[in-house]
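Values below: all heavy atoms of this structure, side chains included; hydrogens, waters and symmetry mates excluded. Chain A is the first sequence line, chain B the second, and so forth, proteins listed ahead of strands; every chain is numbered from 1.
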2 protein chains.
Amino acid sequence: MVTIDDVAKRAGLSKSTVSRVINDYPHVSIKKKEKVFEAMKELGYVPNSSARSLRNKKTQMIAVLVPRIMNPFFGQLAESMEIQAAKHGYQLLICQTMYSKETELKHLELLKMRQVDGMILTSIENEWDVVKEYLSYGPMILCNEFEEEATIPTVKFDQIHGGYVATKHLIRQGHKKIAYCTGGQKSNVGQHRRRGFNLALQEYHLSFDERYGFYDAFSIEDGIRIFKHIHQMPDPPTAVFTGSDEVAAGIITGAKEYGVSVPEALAVIGFDNQVITKLMDPKISTVEQPIPFLAKRAVEVMVDRISHKGNDQEVYEYPLELIIRESTVSPIRAVE
Amino acid sequence: MVTIDDVAKRAGLSKSTVSRVINDYPHVSIKKKEKVFEAMKELGYVPNSSARSLRNKKTQMIAVLVPRIMNPFFGQLAESMEIQAAKHGYQLLICQTMYSKETELKHLELLKMRQVDGMILTSIENEWDVVKEYLSYGPMILCNEFEEEATIPTVKFDQIHGGYVATKHLIRQGHKKIAYCTGGQKSNVGQHRRRGFNLALQEYHLSFDERYGFYDAFSIEDGIRIFKHIHQMPDPPTAVFTGSDEVAAGIITGAKEYGVSVPEALAVIGFDNQVITKLMDPKISTVEQPIPFLAKRAVEVMVDRISHKGNDQEVYEYPLELIIRESTVSPIRAVE
DNA sequence: CTGTTAGCGCATTCAA
DNA sequence: TTGAATGCGCTAACAG
């Protein structure tokens, strides 16, 4: 392995000078600088990253915790962050918690052993009280998920508004019996969406029938299962608010199988604006989350925090936008 | 920051002893071992990973290069590898090349600067001659993609057979005019699929009409575009072999829009068996690639190579399986 | 069984 | 403007 010493010898200089050239220090004569570059090229030298990390106490790596990258939302978030991190000279270490407390904890240790300079949390499996203990080992920020009591930078979407506009849209299509599906009950993201949902209902003086609540909806299969349940209810809902496009797709798939027409007999709205929404027949109305913006800001805030800039209390909120397609609006009785 | 020295002092021992306990060496008295554990716990000590890496010349990190994690095939591959790597005590560093030569090269440097112990390539953007230069810096293996001239371990699917069974299936449904879609022309994966395609054609003494070849098909949008092209051809194909479920989904979406019935007027077969195949109407016939097996083996081979075990020439090949659904077989004239 | 010592490769004092 | 010396935190000889 070729080290900084080899380069120094080759260039007939000290390793301090070589180090200065590598790190682009001023006060190095052009001549010697060129000599160093030449020697580096000839030897194919590249600084050893472990040595650098040890010395600088910085690894130039940022970890991002996501439940799974195969979840389109988190996949896109991670992808955008990687690109963004690279622009700032950081490697992004994508860690999947697989919805497990233990795995999340294991990943949090990365901060303790200084394998990463900072950690971005996009979801939280453990109680905040246990997660916050890791704050003493390095900067942590929240992105997407949030925590009222947390005193760390947060970058999020306005989920209340998202839940509100989607629900309001259904109501304005004439629906009064609206079902509600959501994934993780604990998640504040989900809770805010629910708040928006309730807000819209209140505004139109509608009440929620508890039989219409489904609280373990994540996947396409869950959507199909929920449809079947709805289908055999005595007084079924006429519209469904779902927390994800996958669940919406599942409900539509189920409806198709049973010959129930969407949106005429059952309107369905998704969340995320994934590609699948444009592929299904009918195309799925949904709420778009501008993920790249969120990712960009999160990485910027993280980079600032690593260099002790920025404020711990900062909260950035991005708006959500309703996208109307075919799963909520019949082409015949289009209203909105 | 609490170091090994702090632990040693706290326990009233030398840091060598502490190190021995950390690394689970034999010949340490139970009593002192307990003392060390106690001190570690009290101080909340965790070894610094940069220091360990520098000293051991091992980072316990494996990099995997994928084009994009948002591509369902590569996303699943990366996800499976992460889980598998963790089982062996390795961190997986997922790197996206974004189909760019430069980005791939940038990621290859990780091996040179010893940031990772090994590198798994699932796709290749640059010429093999330039990639192979990095072999001198650490173990590299191929997983999914392959290279005839490469003398490194390879874990792959039997793509020839995959292309063959899919095409044969179409032929046996009575098709004689079969179109062929593929992504990256350079990829050996694609070339082998094509070989299988040709093999089936030959077996049934069919010839290929060059007008039916489409060589830039990656996405849903590409599929839609290809359908439109096919739709206005004077003597169009009656079936399409696609290299991906996304392209197949696009073609079906396009067909629907133009009122062309699938599979009656146009049969379509995908590749990968992604969830989307079960969601589309008609459900898409496809070829399943057992990704988790591939991922598991790749990580195992990599771990072996890092510890200088195994053979450079080993090639592991996994079979591909045809899955027949609705996009190739009319429920009325079912034959197979 | 345990402690002392010497680096791993690098960046940064401090002198010159 | 440059070089010599020091130490980041850890593991592995080598003694004892």
Side-chain angles (χ1 to χ4, degrees), chain A residues 1-37 39-40 43-61 89 109-117 137-138, chain B residues 1-37 39-40 43-61 89 109-117 137-138:
Chain A
M1 170 175 221
V2 33
T3 75
I4 197 169
D5 276 298
D6 302 324
V7 178
K9 256 172 219 153
R10 192 89 156 92
L13 295 164
S14 77
K15 55 180 182 173
S16 327
T17 305
V18 177
S19 175
R20 288 189 185 105
V21 172
I22 292 167
N23 297 289
D24 204 26
Y25 264 57
H27 310 308
V28 182
S29 71
I30 309 257
K31 264 195 179 170
K32 312 219 163 177
K33 199 180 260 183
E34 276 169 358
K35 264 193 167 175
V36 171
F37 278 131
M40 291 204 303
L43 270 52
Y45 170 77
V46 173
N48 178 298
S49 70
S50 301
R52 280 194 125 169
S53 298
L54 178 59
R55 182 61 235 235
N56 294 336
K57 296 182 176 305
K58 287 277 176 297
T59 59
Q60 297 298 107
M61 289 230 295
E109 293 287 316
L110 288 172
L111 205 55
K112 208 189 251 185
M113 48 197 223
R114 314 280 164 175
Q115 187 152 128
V116 297
D117 296 338
Y137 303 110
Chain B
M1 171 177 220
V2 34
T3 75
I4 197 170
D5 277 297
D6 301 324
V7 178
K9 255 173 220 151
R10 191 90 156 92
L13 295 163
S14 79
K15 55 180 184 172
S16 331
T17 305
V18 177
S19 176
R20 288 190 184 103
V21 173
I22 292 167
N23 295 289
D24 204 28
Y25 263 58
H27 312 308
V28 182
S29 71
I30 309 258
K31 263 194 179 169
K32 311 222 163 174
K33 199 180 259 184
E34 276 170 356
K35 263 193 168 174
V36 171
F37 278 131
M40 291 204 305
L43 270 50
Y45 170 76
V46 173
N48 178 298
S49 70
S50 301
R52 279 193 129 170
S53 299
L54 178 59
R55 184 58 234 234
N56 295 334
K57 296 184 175 305
K58 285 277 175 296
T59 59
Q60 297 296 108
M61 290 229 295
E109 292 288 315
L110 288 172
L111 205 54
K112 207 189 253 185
M113 49 198 222
R114 314 282 164 174
Q115 187 151 126
V116 297
D117 296 338
Y137 303 112

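Distances were taken from every side-chain heavy atom of B/Arg20 (C-beta onward) to each of D/dC14, D/dA4, D/dT2; the shortest belongs to D/dC14. For B/Ser19, the side-chain atoms get nearest to D/dT11 when compared with the rest of D/dC10, D/dT11, D/dC8.
The nearest whole Å value for the distance from the CG atom in B/Asp24 to the P atom in D/dT11 is 13 Å. D/dG16 atom P lies 19 Å from atom NE2 of B/His27, rounded to whole Å. Per the geometry, CZ belonging to A/Arg55 stands 11 Å off P belonging to D/dG7, to the nearest Å. To the nearest angstrom, P of D/dG9 lies 10 Å from OH of B/Tyr45. Note: CD1 (B/Ile22) to C1' (D/dC10) measures 8 Å, nearest angstrom. Taking atom NZ of A/Lys15 as the reference point, atom C1' of D/dG7 lies 11 Å away to the nearest angstrom. Rounded to an integer number of Å, the gap from A/Arg114 CZ to D/dG9 P is 10 Å. One can place CG of B/Asp5 at 12 Å from P of D/dT11, the figure rounded to the nearest angstrom.
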**Request:** Could you walk me through whether B/Val18 and B/Asp5 pass side-chain contact (heavy atoms from CB on, under 4.5 Å), step by step?
**Result:** CA-CA 9 Å; B/Val18 177; B/Asp5 277 297; over 6 Å; no

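Between B/Val28 and B/Asn56, it is B/Val28 whose nearest contact on DNA chain C lies nearer the 5' terminus. Between A/Ile4 and B/Pro26, the residue anchored nearer the 5' end of DNA chain C, judged by the nucleotide with its closest heavy atom, is B/Pro26.
Remark: A/Lys57 NZ to B/Met1 CE distance equals 6.0 Å, nearest 0.5 Å. In this structure, CD on A/Gln60 lies 10.5 Å from OG on A/Ser49, to the nearest 0.5 angstrom.
For the OP1/OP2 pair of D/dT11 and a distance below 4.0 Å, the side-chain nitrogens and oxygens of B/Arg52 include at least one atom meeting the criterion. Contact between the side-chain N/O atoms of B/Ser50 and the OP1/OP2 oxygens of D/dC10 is not found at any separation under 4.0 Å.
Contacts with DNA chain C (heavy atom under 4.0 Å) in residues 6-14 of chain A: none are found.
Nucleotides of DNA chain C with any atom under 4.0 Å from a heavy atom of chain A span, from 5' to 3', C/dG9 to C/dT13.
The neighbour count for A/Lys112 NZ, taken as heavy atoms of other residues, nucleotides or ligands under 6.0 Å away, is above 12.
One N or O on the side chain of A/Asp6 and one on the backbone of A/Thr3 form a donor-acceptor pair closer than 3.5 Å.
With a 4.5 Å cut-off on side-chain heavy atoms, A/Lys32 and A/Leu13 count as touching. Looking at A/Ile4 and A/Tyr45, their side chains come closer than 4.5 Å, going by heavy atoms from C-beta outward. Put simply, the side chain of B/Arg52 reaches to within 4.5 Å of the side chain of B/Ile22, judged on heavy atoms. Considering only heavy atoms from C-beta on, B/His27 stays 4.5 Å or farther from B/Arg20 through its side chain. In this structure, A/Tyr137 and A/Met113 have side chains that are not in contact, with every pair of non-hydrogen atoms separated by 4.5 Å or more. The side-chain heavy atoms of B/Arg10 and B/Leu43, taken from C-beta on, include a pair separated by under 4.5 Å. Between B/Asp117 and B/Met61 the shortest side-chain heavy-atom distance does not fall below 4.5 Å.
A/Lys57 comes within contact range of the sugar-phosphate backbone alone, with a heavy-atom separation under 4.0 Å but no base atom that close. Across all strands, B/Thr3 comes closer than 4.0 Å only to sugar-phosphate atoms, never to a base (heavy-atom distances).
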**Item:** Watson-Crick and G-U pairing of DNA chain C written in dot-bracket, each distance under 3.5 angstrom, with | for inter-strand partners
**Value:** ||||||||||||||||

